[in-house]
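In what follows, a structure is listed as structure tokens, so that the remarks can point back to it.
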Amino acid sequence: MNKVYCEAGSALEGLLFDGMVIAAGGFGLCGIPELLISAIRDAGTTGLTIASNNCGVDDFGLGVLLKTKQIRKMISSYVGENAEFMRQYLSGELELEFNPQGTLAERMRAGGAGIAGFYTKTGVGTLVAEYKEHKTFNGETYVLETGFVADLSIVKAWKADTSGNLVCRKTARDFNPPAATCGRICVAEVEEIVPVGSLDPDQIHLPGIYVDRLIQGVHEKRIEQRTTRAAA
């Protein structure tokens with residue numbers, strides 16, 4: 001089975017439909033699947049529910065899908081640097097489901113592992129826990145969270161081999177492995193594709209069994225906020 005596609009649009013061919021649920025890797029603008037996001041914008045798919053830590057910035061990352069009004073609902077832990085995200089939410093144009101950051105990561109991991117739900121103390125006593133089942137373990141109250149499964153996962157890694165084994169680079173690993181596992185179909189974009197056998201098995205962050213399609217591309221690697229100090 002050939003997993004390597006020539007570009008993002010062809011890698012998403014036949015996978016997109018209005019109203020679908022997408023899990024997207026990345027944290028801020030670090031490790032985001034920017035090429036696949038742009039291809040979804042170009043495809044014009046609407047009514048999207050997207051689970052991701054945040055929604056990029058106004059003109060980059062998932063923010064481009066907000067700008068074109070293709071996102072109906074975000075499942076996120078952070079509104080972040082995106083003014084349009086905030087505006088659409090406050091105006092009632094965008095549905096938002098807040099998840100604590102660790103809870104969102106675990107929901108994705110659980111979905112990928114076939115775990116229907118889990119109990120956590122995070123969020124107990126807050127709006128996050130409203131209308132959810134509570135249970136006491138060893139005198140402590142926990143809230144039930146469900147595993148998350150998406151129609152499609154889009155993720156970014158540093159290297160891949162042609163079987164789809166992925167290696168992430170430093171903090172760009174972030175949400176990408178759990179996001180990849182929870183999709184019924186996973187499409188990954190990477191900076192370099194190497195032959196099978198070229199990667200050290202101990203350095204692989206996501207086994208290729210989770211990756212269905214793969215592209216190589218050139219990435220902008222934009223920084224949200226650059227903070228520097230004056231030269232001495």
Side-chain angles (χ1 to χ4, degrees), residues 1 3 8 11-27 31-33 36-37 39-40 43 45-56 61-62 65-66 70-78 94-120 122-123 128-135 142-157 160 164-166 168 173-189 204-215:
M1 178 180 177
K3 296 183 179 182
L12 291 172
E13 188 174 349
L15 303 181
L16 302 178
F17 58 90
D18 292 346
M20 71 185 304
V21 178
I22 297 175
F27 186 109
I32 63 170
L36 293 167
I37 292 169
I40 293 171
T45 313
T46 62
L48 300 173
T49 294
I50 297 184
S52 186
N53 180 66
N54 60 297
C55 202
L62 289 171
L65 298 178
L66 282 178
Q70 290 171 256
I71 302 176
R72 179 188 67 82
K73 177 181 179 180
M74 283 297 303
I75 303 174
S76 294
S77 64
Y78 179 52
L94 177 71
E95 186 178 346
L96 174 61
E97 179 184 332
F98 266 127
N99 279 212
Q101 197 168 82
T103 299
L104 180 58
E106 181 62 12
R107 288 187 68 197
M108 291 180 176
R109 191 203 68 82
I115 297 170
F118 59 93
Y119 288 95
T120 176
T122 305
V128 168
E130 279 194 351
Y131 311 113
K132 294 178 181 177
E133 180 184 331
H134 290 64
K135 196 164 186 176
Y142 291 73
V143 62
L144 177 65
E145 297 284 356
T146 56
F148 181 80
V149 177
D151 298 307
L152 171 68
S153 294
I154 53 172
V155 298
K156 165 76 162 48
N165 296 302
L166 302 184
C168 299
R173 183 174 175 180
D174 53 57
F175 273 78
N176 281 295
T181 66
C182 73
R184 294 184 177 92
I185 297 288
C186 176
V187 183
E189 62 182 69
I204 291 171
H205 295 128
L206 184 78
I209 189 67
Y210 291 106
V211 178
D212 299 283
R213 300 182 182 185
L214 182 67
I215 63 164

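Numbering of residues begins at 1 and proceeds along the displayed sequence.
- Scanning for side chain to side chain contact (heavy atoms under 4.5 Å, CB included) contacts around D151 gives F17, M20, V21, R184, with sequence neighbours left out.
- By the side-chain hydrogen bond (donor to acceptor under 3.5 Å, both in side chains) test, Y142 pairs with no residue at all, sequence neighbours left out.
- Annotation: side-chain hydrogen bond (donor to acceptor under 3.5 Å, both in side chains) contacts of T103 (sequence neighbours excluded): none.
- When all heavy atoms are compared, the tightest approach of P178 to A105 is CB-O, 3.8 Å.
- Taking each heavy atom of G26 and I32 in turn, the nearest pair found is CA-CG2, 4.0 Å.
- In this view, S52 and A24, I50, L62, M74 satisfy the side chain to side chain contact (heavy atoms under 4.5 Å, CB included) rule, not counting sequence neighbours.
- Checked against side-chain hydrogen bond (donor to acceptor under 3.5 Å, both in side chains), E13 has no partners two or more places apart in sequence or in another chain.
- Residue pairs that meet the salt bridge (Lys or Arg N to Asp or Glu O under 4.0 Å) test with at least one member in residues 96-105, sequence neighbours left out, are K73-E97, E97-R107.
- Within the model, atoms CG of L65 and CD1 of I40 stand 6.0 Å from one another, a figure rounded to the nearest 0.5 Å.
- Proximity of F148 to I75: side-chain heavy atoms (C-beta onward) are separated by under 4.5 Å at one or more points.
- Side-chain N or O atoms of R173 include none that pairs as donor or acceptor with a backbone N or O of C168 at under 3.5 Å.
- In terms of the salt bridge (charged side-chain N to carboxylate O under 4.0 Å, His left out) criterion, E189 has no residue partners (sequence neighbours excluded).
- By the 4.5 Å heavy-atom criterion applied to side chains, L144 and K132 are not counted as neighbours.
- Here the straight-line distance linking atom OG of S76 with atom CG of L94 works out to 8.5 Å at 0.5 Å rounding.
- Between L12 and L152, the closest side-chain pair of non-hydrogen atoms falls below 4.5 Å.
- A23 and A150 get closest at one heavy-atom pair: N-CB, 3.7 Å.
- Scanning all heavy atoms of the two residues, the minimum distance from L206 to A180 falls at CD2-CB, 3.4 Å.
- Applying the salt bridge (charged side-chain N to carboxylate O under 4.0 Å, His left out) test to D174 and every residue at least two apart in sequence or in another chain returns nothing.
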If you look only at distance, which donor and acceptor atoms sit under 3.5 Å apart when one is on a side chain in residues 108-118 and the other is two or more places apart or in another chain?
unit_1 : atom_1 : unit_2 : atom_2 : d
R109   : NE     : E106   : OE1    : 3.0
R109   : NE     : E106   : OE2    : 3.2
R109   : NH2    : E106   : OE2    : 2.8

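- With sequence neighbours excluded, the residues satisfying side-chain hydrogen bond (donor to acceptor under 3.5 Å, both in side chains) with R72 are T49, E95.
- Remark: A8 engages L35, L36, A39, I215 in a side chain to side chain contact (heavy atoms under 4.5 Å, CB included) (not counting sequence neighbours).
- In terms of heavy-atom proximity, Y119 sits nearest to E133 at OH-OE2, 2.6 Å.
- In terms of the side chain to side chain contact (heavy atoms under 4.5 Å, CB included) criterion, residue partners of N165 (sequence neighbours excluded) are, by chain and number, D161, S163, L199, I204, P207.
- Here the straight-line distance linking atom CD1 of I22 with atom CD1 of I185 works out to 12.5 Å at 0.5 Å rounding.
- Distance alone, capped at 3.5 Å, is enough to place a donor-acceptor pair between the N176 side chain and the G31 backbone.
- Side-chain contact of N53 with S77: a donor-acceptor pair under 3.5 Å is present, judged by distance alone.
- Taking each heavy atom of L166 and A188 in turn, the nearest pair found is CD1-CB, 4.0 Å.
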- Query: Between L15 and D212, does a side-chain contact (heavy atoms from CB on, under 4.5 Å) hold up when you go through it step by step?
  - Reply: CA-CA 11 Å; L15 303 181; D212 299 283; over 6 Å; no

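- We find the CD1-OG1 distance between I71 and T45 to be 11.5 Å, quoted to the nearest 0.5 Å.
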